[in-house]
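Notes for the one structure printed next.
As a basis for the values below, the full set of heavy atoms in this structure was taken, side chains included, without hydrogen atoms, waters or symmetry mates. We count residues from 1, following the sequence as given. Counting convention: from 1, in listed order, for ligands and their atoms alike.
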Amino acid sequence: MYPCSNPELVAAVSEAGGLGVVQPISLTYVHGHDFREGLRLIRRLTAKPVGMNALIEQSSRSYRERMERWIGIALEEGVRFFVTSLGNPRWVVERVRPAGGVVYHDVTERKWAEKGIEGGVQGLIAVNDRAGGHAGGKTAEALLDELRPLGLPVVCAGGIGSEADFVRALRMGYAGAQLGTRFIATAECRASEAYKGAIVAAGEGDIVLTERLTGVPVAVINTPYVQRLGTKAGPIARRMLRGRRTKHWMRTIYALRSLWQLKRGLLRDAPRRDYWQAGRSVAGIERVEPAGDVVRRFASAWRAAAA
Ligand SMILES: Cc1cc2nc3c(=O)[nH]c(=O)nc-3n(C[C@H](O)[C@H](O)[C@H](O)COP(=O)(O)O)c2cc1C
């Protein structure tokens, strides 16, 4: 998660038996680590496998080159699981498969899954309408119905805050779950206490989608700041986001601005001036606790349900 995944959180999830996922921009720009050194820090905290998220939206050439370098370093440091999102994952698959790497691709509908499969991905992560971050438009049930016939493992992303939610997703037929919001409200996450407390206090109705952060809908807590600004992109931005030539330019502006806004919002106790990303899974999150306890609690609930 950008900006919430600090090395201690990633390591704690993996150490407990989950698969912590490194977000490179979060690791470097927000948490201040050189990418390779950050991975080595995680390695000192756990010997278990970790993954890496590659946001591969077609933007600038320099971003693409940087992502290629990050993937190369991750492979050298022993990472073998990659989660791609937002673009065509083919080049990532071509880069990591020869090294024994596995790529799972975030999708919100079948057509993106088919593109990913053409590109050689080995699993799909179904991002549903309850997810934190860039939410999808479909329910967990509808997405599974669309994606299961494609024959790859399908992981559920969105709406899983409690062990009951987790068990429900696996019972539905999902192969696993990708959690974001639940892990912000943990002891290891470096988010401010106010942000964590807001996740614990929030119910489903407190989550809204705003276009003002990145130009496309992102799930956030409806803080006084969000209420004051509204959730729609302004008229000029909207026109530029539609234009063929101006669209990439506008997206880049949004992306850079949101990186800065979210970094600032992570550490400050200022609900009147910040964006706090969270999904509808807030409904099942009742306390701040160690990330390892969450993983173990969820795993034992599934073991008990499956017994
Ligand atoms: C604060 C936050 C940041 C996120 N950042 C990313 C990201 O950088 N890359 C990505 O692929 N998904 C990102 N996501 C989406 C998560 O990977 C995951 O799909 C989603 O959180 C699942 O929904 P949940 O929050 O209800 O668990 C983010 C989610 C949150 C809440």
Side-chain angles (χ1 to χ4, degrees), residues 1-6 9-10 13 18-31 51-57 63 67 70 81-87 89 92 103-108 112 116 123-136 139-140 143 154-163 165-166 168-169 174 176-186 189-192 195-196 198-199 202 204 206-207 209-210 213-214 216-221 255 258-259 261-263 265-267 274-285 291 294-295 298:
M1 288 179 287
Y2 183 90
C4 303
S5 297
N6 47 291
L9 175 58
V10 173
V13 169
L19 187 51
V21 176
V22 172
Q23 213 288 353
I25 312 174
S26 183
L27 187 63
T28 54
Y29 173 62
V30 180
H31 299 287
M52 172 186 155
N53 174 222
L55 282 172
I56 49 169
E57 188 177 25
Y63 175 74
M67 188 54 77
W70 279 331
F81 182 73
F82 294 83
V83 177
T84 48
S85 36
L86 296 180
V92 181
V103 179
Y104 274 40
H105 190 47
D106 273 349
V107 298
T108 50
W112 305 125
L124 301 169
I125 300 176
V127 182
N128 64 46
D129 58 354
R130 292 167 60 80
H134 289 114
T139 63
L143 261 180
V154 186
V155 172
C156 181
I160 300 182
S162 68
E163 55 267 51
D165 298 329
F166 178 62
R168 199 172 314 122
Y174 278 104
Q178 173 169 283
L179 278 65
T181 306
R182 176 54 271 192
F183 286 120
I184 302 171
T186 57
C189 181
R190 279 191 61 204
S192 69
Y195 185 179
K196 294 179 189 180
I199 287 177
E204 279 205 55
D206 298 313
I207 303 303
L209 295 175
T210 181
L213 196 48
T214 63
V216 289
V218 175
V220 294
I221 300 179
S258 67
L259 287 178
Q261 283 176 316
L262 288 169
K263 175 180 177 178
L266 178 73
L267 304 169
D274 289 322
Y275 282 107
W276 285 338
Q277 294 186 83
R280 294 189 194 283
S281 54
V282 290
I285 302 174
V294 175
V295 174
F298 280 34

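T181 places a side-chain N or O within 3.5 Å of a backbone atom of G279 that can act as its donor or acceptor partner. Proximity of a side-chain donor or acceptor of N53 to a complementary backbone N or O of T84 within less than 3.5 Å is not detected. In this structure a side-chain-to-backbone donor-acceptor pair under 3.5 Å is missing from Y29 to L259. Although no hydrogens or angles enter the test, the distance criterion places a donor-acceptor pair under 3.5 Å between the side chain of Q277 and the main chain of Y2. Under the 3.5 Å distance criterion, the side-chain polar atoms of R280 are matched with a main-chain donor or acceptor of E204.
Nearest protein neighbour of atom 25 (O) of ligand 1, counting heavy atoms only, is T181 OG1, 2.5 Å. Of the protein's heavy atoms, G180 N, 2.8 Å lies nearest to atom 27 (O) of ligand 1. Atom 5 (N) of ligand 1 has as its closest protein heavy atom Y2 N, 3.0 Å.
The two residues Y195 and A191 make their nearest non-hydrogen contact at CD1-CB, 3.7 Å.
In terms of polar-atom proximity, N53 is counted as a contact of ligand 1, with an N or O under 3.5 Å from an N or O of the ligand. Looking at ligand 1, you'll find an N or O of G159 within less than 3.5 Å of one of its N or O atoms.
Heavy atoms of D106 found under 4.0 angstrom from ligand 1 belong exclusively to the side chain. At a heavy-atom distance under 4.0 Å, atoms from both the backbone and the side chain of A131 approach ligand 1.
Listed by number with element, the atoms of ligand 1 under 4.0 Å from a non-hydrogen atom of S85 are 10 (C), 11 (O). Of all atoms in ligand 1, numbered sequentially from 1 with element shown, those under 4.0 Å from a heavy atom of C4 are 1 (C). Remark: ligand 1 atoms within the under-4.0 Å shell around heavy atoms of I184 are 1 (C). Distances below 4.0 Å separate heavy atoms of G158 from the following atoms of ligand 1: 22 (C), 23 (O), 26 (O). For ligand 1, the atoms closer than 4.0 angstrom to any heavy atom of L179 are 27 (O).
Residues satisfying the side-chain hydrogen bond (donor to acceptor under 3.5 Å, both in side chains) criterion with S162, sequence neighbours excluded, are D165. Take F183 and apply the ring pair (Phe, Tyr, Trp, His ring centres under 6.0 Å) test, not counting sequence neighbours, and it matches no residue.
Of the protein's heavy atoms, none falls inside 4.0 Å of atom 13 (C) of ligand 1.
The residue among Q277, Q23, H134 with a heavy atom at the shortest distance from atom 1 (C) of ligand 1 is Q277. Here the shortest heavy-atom distance to atom 24 (P) of ligand 1, taken over G279, G132, S5, belongs to G132. Comparing M1, H105, R280, Q178 against atom 4 (C) of ligand 1, the shortest heavy-atom distance belongs to M1.
Note that CD1 of I207 is 12.0 Å distant from CH2 of W276, once rounded to the nearest 0.5 Å.
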Quiz item: Stepwise, does the side-chain contact (heavy atoms from CB on, under 4.5 Å) test hold for Q261 with L213?
Solution: CA-CA 8 Å; Q261 283 176 316; L213 196 48; 3.3 Å; yes
